[in-house]
Amino acid sequence: MELKQLYREIVNEHNLHPVHKKAIENPDLVMRGVNPSCGDDITLSLKIENGVITDAGYEGSGCAISQASVDMMADQVIGKSKDEAIKLAGTFMGMIKGEITDEESIEALDEAAALQDVAHMPARVKCAVLGWHTMQEMLENPEKAQG
Amino acid sequence: MELKQLYREIVNEHNLHPVHKKAIENPDLVMRGVNPSCGDDITLSLKIENGVITDAGYEGSGCAISQASVDMMADQVIGKSKDEAIKLAGTFMGMIKGEITDEESIEALDEAAALQDVAHMPARVKCAVLGWHTMQEMLENPEKAQG
Amino acid sequence: MKTLAEYRKDFDILSAGDYIYFDNAATSQRPRQVLEAVTDFYKNANANPMRGLYDWSMEATRLYEEARSLVADFIGGVSGEEIIFTRNTTESLNLVAYSYGLENVGEGDEIVITVMEHHSNMLPWQMVAREKGAKLIYLEPDEEGVISKSEYESKITDRTKIVAIGHVSNVMGITNPVKEITAYAHSKRAVVVVDGAQSAPHMAVDVKDIGCDFFAFSGHKMMAPMGIGVLYGRKELLLNMKPFLTGGEMIEYVTREDATYAELPHKFEAGTVNAAGAVGLAEAIRYIREVGFEAIEAQELKLTTLLMEGLAKLPYIKVYGSKDPAKHCGIVTFTMEGVHPHDMASVLNDDKVCIRAGHHCAQPLMQFIGAGSTSRASVYFYNTEDEVKEFLDKLSKVREVMGYGA
Amino acid sequence: MKTLAEYRKDFDILSAGDYIYFDNAATSQRPRQVLEAVTDFYKNANANPMRGLYDWSMEATRLYEEARSLVADFIGGVSGEEIIFTRNTTESLNLVAYSYGLENVGEGDEIVITVMEHHSNMLPWQMVAREKGAKLIYLEPDEEGVISKSEYESKITDRTKIVAIGHVSNVMGITNPVKEITAYAHSKRAVVVVDGAQSAPHMAVDVKDIGCDFFAFSGHKMMAPMGIGVLYGRKELLLNMKPFLTGGEMIEYVTREDATYAELPHKFEAGTVNAAGAVGLAEAIRYIREVGFEAIEAQELKLTTLLMEGLAKLPYIKVYGSKDPAKHCGIVTFTMEGVHPHDMASVLNDDKVCIRAGHHCAQPLMQFIGAGSTSRASVYFYNTEDEVKEFLDKLSKVREVMGYGA
Ligand SMILES: Cc1ncc(COP(=O)(O)O)c(C=O)c1O
Ligand SMILES: Cc1ncc(COP(=O)(O)O)c(C=O)c1O
């Protein structure tokens with residue numbers, strides 16, 4: 001997808017009217033994710049019940065791509081198990097790095113699959129993966145994520 | 001003069017059969033002159049009576065140009081006053097640096113004038129001037145030259 | 001005499017493409033003449049300079065030293081002994097920090113810099129302050145980017161050992177009063193280091209007139225190749241400084257225990273020198289002289305004026321620094337309401353416009369002006385009014401792309 | 001496949017002239033391909049790498065990082081994070097001395113080097129020893145230039161913190177047993193620094209096989225442009241080292257007091273990088289790979305053999321180091337009875353032959369072998385047998401020119 005089209009059709013909506021950009025109640029895991037070269041800075045919160053993500057929210061600031069990406073991610077992972085979420089993060093990061101290209105895997109990302117073309121914008125890769133990377137970190141190392 | 005011709009006609013004679021490469025008796029001024037990048041290393045001795053250089057000798061080692069130059073210099077300055085010797089050194093160094101080119105001045109250098117073409121060999125300039133520079137130093141700053 | 005339009009044709013990268021290159025403060029483009037001078041060096045006289053007794057090495061030495069003389073002349077007619085070739089401004093400033101700073105700053109002493117400094121003129125001083133238990137004091141500019149007399153007179157004191165200041169800010173574009181600050185600092189016996197990375201390419205510099213003790217700049221921002229930079233240092237200070245890098249070419253004698261060092265400036269140039277880079281810098285200086293600083297400054301002012309007038313018409317744009325285009329040295333930093341600079345740069349890149357977005361290696365300044373990140377357009381004399389107009393046109397469409405309606 | 005004679009045609013400077021260039025150990029010549037790669041960089045994608053969000057900068061970044069990967073591969077398949085671009089070997093070694101040496105060597109500790117070291121791998125360690133009150137211990141070679149096992153096993157001890165050793169001596173041409181020395185040094189928990197300036201251009205290097213902790217080399221001796229060098233460092237060590245030069249591009253966050261540093265390898269690359277130089281080095285590596293080290297070594301051996309055989313026939317010539325041409329890495333150092341090396345070099349230059357004369361930046365070795373100064377002929381694969389023959393012919397006439405009859 002062409003960059004401007006990507007903004008217009010996908011990114012802007014999530015950036016300007018995010019659904020999950022808010023604190024959630026009694027989060028179980030909270031972690032800050034930062035992208036120093038861009039200044040993107042988010043704090044991601046997850047609520048987890050019986051190994052399933054029941055709510056997700058984020059606060060902070062950053063470029064439209066990082067914000068949209070984390071908003072879409074939250075959409076995706078609510079209702080998924082921790083393991084599914086970790087797997088999804090792996091798929092997303094693989095896609096953005098251009099390492100995963102088969103349609104089937106990518107379809108699992110649903111709307112977030114639209115960010116595939118960021119793979120061709122090396123300078124924006126870090127923006128796109130910030131939220132996903134943070135989520136992966138906190139699920140894999142819950143001891144680092146203050147509750 | 002072409003380089004090989006210079007060696008053959010002037011330099012070799014002084015380098016292989018130096019006249020003044022020896023210690024002199026009871027020198028009044030002695031100074032070491034060194035050219036670190038080449039390894040040229042000479043010790044120049046002068047005998048001075050009533051302001052006139054009555055004997056000159058040198059020891060040490062170095063390339064043929066540095067050795068020949070100091071040998072010719074010794075030849076030249078014996079019998080000259082300190083001031084004349086200093087002036088001659090100035091002329092010689094000016095000639096080698098290409099700053100003095102008028103024939104009249106250069107003729108005063110007698111045989112040493114043959115080294116004029118070293119001006120076109122920047123890498124050998126330091127070799128040619130070593131003896132002259134050392135002599136100038138010791139005559140101008142006799143306190144630095146141990147007797 | 002060639003017109004600016006004709007000079008522009010010397011830059012293949014500008015003629016070839018349809019890109020608008022407005023990131024000149026990061027690095028400039030190089031004219032064919034500079035690239036050819038470098039290639040010619042390698043084709044005709046390539047050898048390791050300084051020690052060879054054969055023609056190529058002597059010629060390489062001559063060209064290298066000729067470049068040094070040209071540089072000495074270019075910054076106001078100093079002596080060649082006072083010109084040290086480095087890799088870039090950053091290395092030049094580190095050299096001063098290590099060889100002068102660490103030796104001359106002690107516990108409780110103060111080093112004064114400004115909050116506008118590029119990281120390269122900040123981190124080395126943080127290092128010296130940390131290692132020596134000294135204090136780092138920051139001068140702060142007013143809204144227009146100006147360091148006022150009262151600001152520097154109140155912070156430069158008898159405790160100040162070093163004042164390190166950018167000649168021109170790479171974010172605000174403002175020219176600092178380095179001459180006045182130097183005079184004041186000298187009255188307090190502080191040594192003054194001027195970071196000239198953003199001034200040397202754009203204005204005639206006279207370090208003797210400024211009076212500073214050190215002056216650093218980079219070749220790559222003034223049309224020379226990457227990998228060559230300059231440090232000017234006052235002879236008296238250089239003579240007393242320890243070498244920084246040690247190794248080949250900077251010695252007289254070496255024994256197993258110790259070494260004596262070569263004369264200035266070689267004492268500070270360890271290892272095989274970048275002679276080809278110096279030759280490229282010399283050609284860049286010749287090129288600048290041919291164009292002339294008068295023409296360079298006039299064109300940059302014209303472009304900056306047009307640019308700032310255009311930006312002023314866009315209500316959602318905020319420009320940082322002075323309102324006067326003459327005080328921007330071709331550098332205009334701005335933000336767009338609701339649009340992150342990185343998104344702006346990406347959208348503009350899609351339209352083949354190159355600007356910089358981010359912290360511009362000046363994070364403390366970003367914190368000071370309260371912007372996490374900004375966009376920067378910076379022009380050089382080879383840019384054109386048409387490019388500015390096209391840039392403004394493209395810029396005015398960014399907000400629409402970002403979802404703010406038309 | 002191209003023949004060596006065809007490769008030689010890629011070097012304009014060699015084809016153009018009638019000069020015999022035998023000073024390759026000082027710096028090599030560059031093929032057209034390398035010069036063009038650099039020019040193309042400036043013509044097509046010139047921008048400051050690392051931070052730009054526009055095409056040129058992204059392309060410059062890609063090319064720069066691609067060069068890094070190629071270098072990582074070239075020295076044995078290490079990780080790109082372990083490859084730091086510097087200006088030359090000298091800067092690489094200084095980086096290790098400042099950032100590792102000063103932090104890890106204490107009073108009474110020992111640093112072991114050899115008496116054969118180039119000044120660039122000697123002075124930085126003298127500095128560390130002096131600053132830290134440590135002792136500098138010299139390994140000495142035998143007549144043939146070999147550092148024996150008993151020599152290094154007796155001098156590397158539990159007190160040894162750093163062993164710094166040249167891979168190939170720039171005077172003797174001998175290849176030191178760096179792998180064995182590294183294994184022994186590691187058994188004593190010393191860190192090993194290998195100066196690869198003279199090996200990387202001439203033989204396949206595998207730093208993992210050697211096992212060393214640091215490995216330094218220069219681009220300009222292997223057909224890359226001047227101004228680009230490399231330091232390989234083991235990740236584990238680099239991670240724990242403080243940065244050396246500080247400034248732009250090597251940080252994550254900067255506050256007024258302090259900074260956090262970028263990830264490897266950027267932590268060690270302050271300021272605008274020499275991307276064009278790295279691109280040139282990458283092209284030089286591609287060129288070397290095309291020629292192949294097998295062909296390079298075979299040709300150098302052929303030339304060295306011819307050279308040493310010829311020198312052996314001249315009774316007034318003394319050759320230093322091994323009698324075996326295979327142990328010279330293309331480097332033959334010699335003296336001529338009664339003729340000072342500088343006069344020899346001047347006379348040969350008159351015949352358009354370029355050799356080096358002097359101390360070769362290895363004064364302590366000169367003292368050790370008892371020669372104030374020597375002459376050195378060093379070949380690369382593009383030199384020819386005809387050149388060697390002509391050189392020998394010219395050399396045999398030098399004594400006559402110097403007045404020793406026919
Ligand atoms: C063995 C050795 N080490 C180090 C160096 C220094 O290399 P550079 O001058 O490129 O820093 C050289 C070459 O001059 C060398 O031959
Ligand atoms: C004001 C200023 N100082 C220092 C630097 C550092 O220059 P370099 O990266 O060439 O070392 C720059 C440019 O990046 C700059 O704009």
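Every chain is numbered from 1 and lettered A, B, ... according to where its sequence line falls, protein lines coming before strand lines. The structure displayed is predicted, hence computed values, not measured ones.
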Looking only at heavy atoms, what is the nearest atom pair of [X] and [Y], with distance?
X         : Y         : answer
Asn88(C)  : Thr272(D) : ND2-O, 3.0 Å
Met226(C) : Ala47(D)  : CE-O, 3.5 Å
Gln367(D) : Thr255(C) : OE1-CA, 4.3 Å

Between [atom1] of [X] and [atom2] of [Y], what distance do you get to the nearest 0.5 Å?
X         : Y         : atom1 : atom2 : value
Glu131(C) : Lys242(D) : CD    : NZ    : 4.0 Å
Ser28(C)  : Asn46(D)  : OG    : CG    : 7.0 Å
Phe22(C)  : Tyr54(D)  : CZ    : OH    : 12.5 Å
Gln126(D) : Asp258(C) : CD    : CG    : 6.0 Å
Leu53(D)  : Arg356(C) : CG    : CZ    : 8.0 Å
Tyr42(D)  : Arg30(C)  : OH    : CZ    : 5.0 Å

Flag the one option from [options] with the top tally of heavy-atom pairs under 4.5 Å to chain C.
options                                    : answer
Ala345(D), Gly358(D), Ala26(D), Ala276(D)  : Ala26(D)
Leu95(D), Leu93(D), Val273(D), Asn274(D)   : Asn274(D)
Leu123(D), Ile228(D), Leu14(D)             : Leu123(D)
Cys361(D), Ala129(D), Ala270(D), Gly229(D) : Ala270(D)
Cys354(D), Ala357(D), Ala259(D)            : Cys354(D)
Leu35(D), Ile355(D), Leu245(D)             : Leu245(D)

Test item: [X] and [Y] side chains (from C-beta on) under 4.5 Å apart, heavy atoms:
X         : Y         : value
Asn44(D)  : Ile13(C)  : no
Thr246(D) : Asn94(C)  : yes
Val115(C) : Arg256(D) : yes

Exercise for the section: Would you indicate whether Lys394(D), at its atom NZ, is surrounded by more than 12 heavy atoms from other residues, nucleotides or ligands within a distance under 6.0 Å? Expected result: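 For Lys394(D), atom NZ is crowded (more than 12 foreign heavy atoms under 6.0 Å).
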
Which portion of [X] sits near chain D, non-hydrogen atoms under 4.5 angstrom:
X         : value
His342(C) : both
Arg32(C)  : neither
Ala275(C) : both
Met366(C) : neither
Ile251(C) : side chain

Need one label for [X]: side chain, backbone, both or neither, based on atoms under 4.5 Å from any heavy atom in chain C.
X         : answer
Ala362(D) : neither
Met127(D) : neither
Tyr98(D)  : side chain
Ser57(D)  : side chain
His359(D) : side chain

Problem - Between Asn48(C) and Asp23(D), a side-chain donor and acceptor under 3.5 Å - result: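 The criterion, which ignores hydrogens and geometry beyond distance, is not satisfied for Asp23(D) and Asn48(C).
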
Problem - Sequence neighbours excluded, every pair satisfying salt bridge (charged side-chain N to carboxylate O under 4.0 Å, His left out) that has a member inside residues 115-126 of chain C - result: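 Salt bridge (charged side-chain N to carboxylate O under 4.0 Å, His left out) check on residues 115-126 of chain C returns no pairs.
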
Practice task
Not counting sequence neighbours, list each pair that qualifies as a salt bridge (charged side-chain N to carboxylate O under 4.0 Å, His left out) and has a residue in residues 267-279 of chain D.
Solution key: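 For residues 267-279 of chain D: Arg68(D)-Glu269(D).
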
Pick from [options] with the largest number of heavy-atom pairs that fall under 4.5 Å of chain D:
options                                    : result
His118(C), His360(C), His220(C), Met250(C) : His220(C)
Asp350(C), Asp55(C), Val38(C)              : Asp55(C)
Thr27(C), Val254(C), Asp12(C)              : Val254(C)

Exercise for the section: Show your reasoning for whether salt bridge (charged side-chain N to carboxylate O under 4.0 Å, His left out) applies to Glu36(C) and Lys43(D). Expected result: CA-CA 12 Å; Glu36(C) 278 169 11; Lys43(D) 284 192 178 167; over 6 Å; no

Problem - Side-chain donor/acceptor of Ser120(C) to backbone N/O of Gly248(D), under 3.5 Å - result: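 At least one qualifying donor-acceptor pair exists.
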
Handout entry: Steps toward side chain to side chain contact (heavy atoms under 4.5 Å, CB included) verdict (Arg87(D), Glu91(C))
Key = CA-CA 11 Å; Arg87(D) 181 174 45 213; Glu91(C) 193 197 337; 2.9 Å; yes

Handout entry: side chain to side chain contact (heavy atoms under 4.5 Å, CB included) between Asn349(C) and Met58(D), intermediate numbers included
Key = CA-CA 11 Å; Asn349(C) 179 55; Met58(D) 288 189 276; 3.9 Å; yes

Practice task
If the plane angle is over 60° it's perpendicular, under 30° parallel, otherwise tilted; pick one for Tyr19(C) and Trp56(D).
Solution key: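 Ring orientation of Tyr19(C) relative to Trp56(D): tilted.
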
